[in-house]
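Notes follow the structure.
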Number of protein chains: 2
Amino acid sequence: MSKKEGLDKKEQFIAEMAAALQRRETIVVGADCEVMYSGRAETLLPPGERLIMIKEDGTLLVHQPHGSAPINYMKESSSHRFVVENDNLYIKSQNQVLHEYLDILLAKVHFFHSAKLSDGQKLQLTGNEKDMANMIAANPAIVEEGLKLVGQEEQTKYGFIDVLCYDAQGLLVVIECKRYKADFQAVSQLRRYVERLKGMKGLARVRGILAAPAITTNAAKMLHDFGFSFAIVQAPKYKERLRKSQKSLGEFENNVEND
Amino acid sequence: MSKKEGLDKKEQFIAEMAAALQRRETIVVGADCEVMYSGRAETLLPPGERLIMIKEDGTLLVHQPHGSAPINYMKESSSHRFVVENDNLYIKSQNQVLHEYLDILLAKVHFFHSAKLSDGQKLQLTGNEKDMANMIAANPAIVEEGLKLVGQEEQTKYGFIDVLCYDAQGLLVVIECKRYKADFQAVSQLRRYVERLKGMKGLARVRGILAAPAITTNAAKMLHDFGFSFAIVQAPKYKERLRKSQKSLGEFENNVEND
DNA sequence: GGGGAGAGATGCCGC
DNA sequence: GCGGCATTTCTCCCC
């Protein structure tokens, strides 16, 4: 292929991408590329083969062939150009508001595609911390016998307390929920809420209970030091419910294993 | 198109995807689809047009045409099958170890592509919290006159303390760095380190300094309550350095705006 | 593999 | 916009 043809091919690619951006299509490019970013930090990603995705809202993602998170990215509302400079093909992105800049040097474009995607749907999720808090609020005895609900979340004016109760002795109890194994941070958070509540209500004693399926050894020690207690509470087991009602999930026979 | 032809087309698509999975290629599918997930939580995503990506390590991502994060995903080491059930085309994924399951009902496949991607490169990043801690360790006077370095991070045996110093009076000082505006969590963390150090060394007083470019009003209040102090420290300004040395970044003339 | 903490975290909701 | 916090957080490092 002559250099002229190569240039024409580049120019045609650039024209197609510019049109796709104009039409607010979602773009996918598979390419051998090098990525440079400057903004909140500064990064360099040496040459390799990646998938580049540009969304209609201006989001740009660079994905390596492994891992969940993009290796480089630009947030929504970024602007993008496909340009040739010194015979090199670039994607140049910037976010004026955030003062962020990203350049992708495209050494070789293996494939590309663009299409308008129509999707206004939102994810319906159950089984989060809020659901766990609701479960406890509906039946505080799960955590401790004799607890009576005072309020939940913003219903109280004391900040982001998951569940607030009175215990059998009439003491105020702050319950902090964690869906997974509780750590230092969870205990610190509980401590903060308890102290805030003591200060605001002028109480000498406010109890704290950490409700989670498990707790790290060190966090348990810290919890004990502060005079708080731990309650084993399993997050709602949606997994089992779904697997029961919907047999199609799981139970594979012929798998292509990715070990 | 006859139903038979439609079926053949589906079967051919399935065969191609199975082969691509076997070859550990990276797969991209643009499709109108519905997604169901069950694992750490349970989610339903009603029909809409999305980009689906399957990587060679078993990672699966579902991206809507907006936003940085995938709306649904499966972690690495997941297994995937393309199957037809009751005339419906599905991608069925599972992660045996994590007990996670994801089904994608493909109502219409708009396009697809697969290719082997070769990339072993790692991101080179500068301008993170560690760099900020190094800057302070190299010149503690940035934070306060008279500070003398004791140790940094794993060099100290007191845990994850960013920078440890003695002040002019010989008091031990814990310095916690934050690249951005410090919040409750940062103060809680500093408090935890100071108390841990007091306990381990049997000291009556250990000072705490929060070094960050800014702090929220509430966090500043909390910091004051604990007798800690705040030092305005700007994270290294890599942005300006790069923009100076590399004129190609920024300064766009003809932008396709994504506002 | 667990523990601990940063991240160019992202996203959500409240004010 | 900032604040506060959960996240199917993800990723890294160290033990």
Nearest-nucleotide 5' precedence on DNA chain D, B:Thr43 against A:Arg196: A:Arg196

Does B:Arg40 reach the side chain of A:Tyr180, with side-chain heavy atoms less than 4.5 Å apart? yes

Rounded to whole angstrom units, what separation is found between the OH atom of B:Tyr73 and the C1' atom of D:dT11? 13 Å

Rounded interatomic separation in angstrom, taking CG from A:Asp131 and P from D:dA6: 14 Å

Does B:Ile215 reach a base, just sugar-phosphate, or nothing at all? Heavy atoms under 4.0 Å. nothing

Short side-chain N/O contact from B:Arg192 to OP1 or OP2 of C:dA5, under 4.0 Å: yes

Do A:Arg24 side-chain atoms and A:Glu56 backbone N/O form a donor-acceptor pair below 3.5 Å? yes

P-based separation of D:dG4 from C:dG8 [nearest Å]: 23 Å

Using a cut-off of strictly less than 4.0 Å, decide whether A:Tyr101 has a side-chain nitrogen or oxygen near OP1 or OP2 of C:dG8. no

Base D:dG4 to side chain B:Asn218, donor-acceptor N/O within 3.5 Å cut-off: no

I want to check one thing: is the phosphate of D:dA6, taken as OP1 and OP2, less than 4.0 Å away from some side-chain N or O of A:Lys178? yes

Please determine if a side-chain N or O atom of A:Tyr180 lies less than 4.0 Å away from the OP1 or OP2 oxygen of D:dT8. no

Scan every strand shown for a Watson-Crick or G-U wobble partner of C:dC15, both distances under 3.5 Å, and answer none if you come up empty. D:dG1

Can you check whether B:Met135 reaches B:Val233 side chain to side chain, under 4.5 Å on heavy atoms? yes

Phosphate contact (C:dG8 OP1 or OP2) by A:Lys75 side-chain N/O below 4.0 Å: no

Does B:Tyr193 have a side-chain nitrogen or oxygen under 4.0 Å from the phosphate oxygens OP1 or OP2 of C:dA5? yes

If I take atom CD in residue B:Gln185 and atom P in nucleotide D:dT7, what distance separates them, rounded to the nearest angstrom? 14 Å

Hey, does the side chain of A:Arg179 come within less than 4.0 Å of D:dC5's phosphate (OP1/OP2), counting only N and O? no

Under 4.0 Å between a side-chain N or O of A:Ser68 and OP1 or OP2 of D:dT9? no

Between D:dT11 atom P and A:Gln64 atom CD, what is the distance in whole Å? 10 Å

How many Å lie between CG on A:Leu102 and P on C:dG8, as a whole number? 13 Å

How long is the line joining CD of B:Glu176 and C1' of C:dG4, in whole Å? 12 Å

Taking the same atom, C1', in C:dG14 and in D:dT8, what whole-Å distance lies between them? 24 Å

Looking at D:dC2, I'd like to know if its phosphate oxygens (OP1 or OP2) sit under 4.0 Å from a side-chain N or O belonging to B:Lys181. no

Residues A:Ala31 and A:Leu106: closest non-hydrogen pair is CB-CD2, 3.6 Å

Where the side chain of A:Glu100 is defined as all heavy atoms beyond and including C-beta, which of C:dA7, C:dG8, D:dT8 is the nearest nucleotide? C:dG8

Distance in angstrom units between B:Met222 CE and D:dG3 P, rounded: 15 Å

Walking DNA chain C from its 5' end, the first of A:Asp183 and B:Val97 to be reached, judged by nearest nucleotide, is B:Val97

Does the D:dT8 base have a donor-acceptor partner in the side chain of B:Asn72 within less than 3.5 Å? yes

Is a side-chain N or O of B:Lys75 found less than 3.5 angstrom from the main chain of A:Ser68, in a donor-acceptor match? no

Here's a test of your reading of the structure: between A:Ala219 and A:Ile71, which maps to the more 5' nucleotide of DNA chain C? A:Ala219

Could you check how far CG of A:Leu61 sits from P of C:dG8, rounded to whole Å? 15 Å

Please determine, by modelled atom types, if A:Thr59 and A:Asp57 share a side-chain donor-acceptor pair under 3.5 angstrom. yes

Touch check for A:Phe184, heavy atoms < 4.0 angstrom, all strands: base, sugar-phosphate only, or nothing? sugar-phosphate

Testing B:Val174, B:Val143, B:Ile175, B:Asn134 for side-chain contact (heavy atoms from CB on, under 4.5 Å) with B:Val163, which one passes? B:Ile175

I want to check something: taking the side chain as every heavy atom from C-beta on, are A:Phe228 and A:Leu210 in contact at a cut-off of under 4.5 Å? no

Starting at the 5' end of DNA chain D and moving along, which residue's nearest nucleotide shows up first, A:Ala69 or B:Thr217? B:Thr217

When you check the phosphate oxygens OP1 and OP2 of C:dT10, does a side-chain N or O of A:Arg40 lie under 4.0 Å from one of them? yes

Among C:dG8, D:dG3, D:dT7, which is the nearest nucleotide to the side chain of A:Met74? C:dG8

Ring centroids of B:Phe160 and C:dG4 base under 5.5 Å with planes under 30°: no

Examine C:dG6: is either OP1 or OP2 under 4.0 Å from a nitrogen or oxygen in the side chain of B:Gln189? Give yes or no. yes

Counting the atoms with a prime plus P, OP1 and OP2 as sugar-phosphate, which does A:Lys122 contact under 4.0 Å by heavy atoms, base, sugar-phosphate, or nothing? nothing

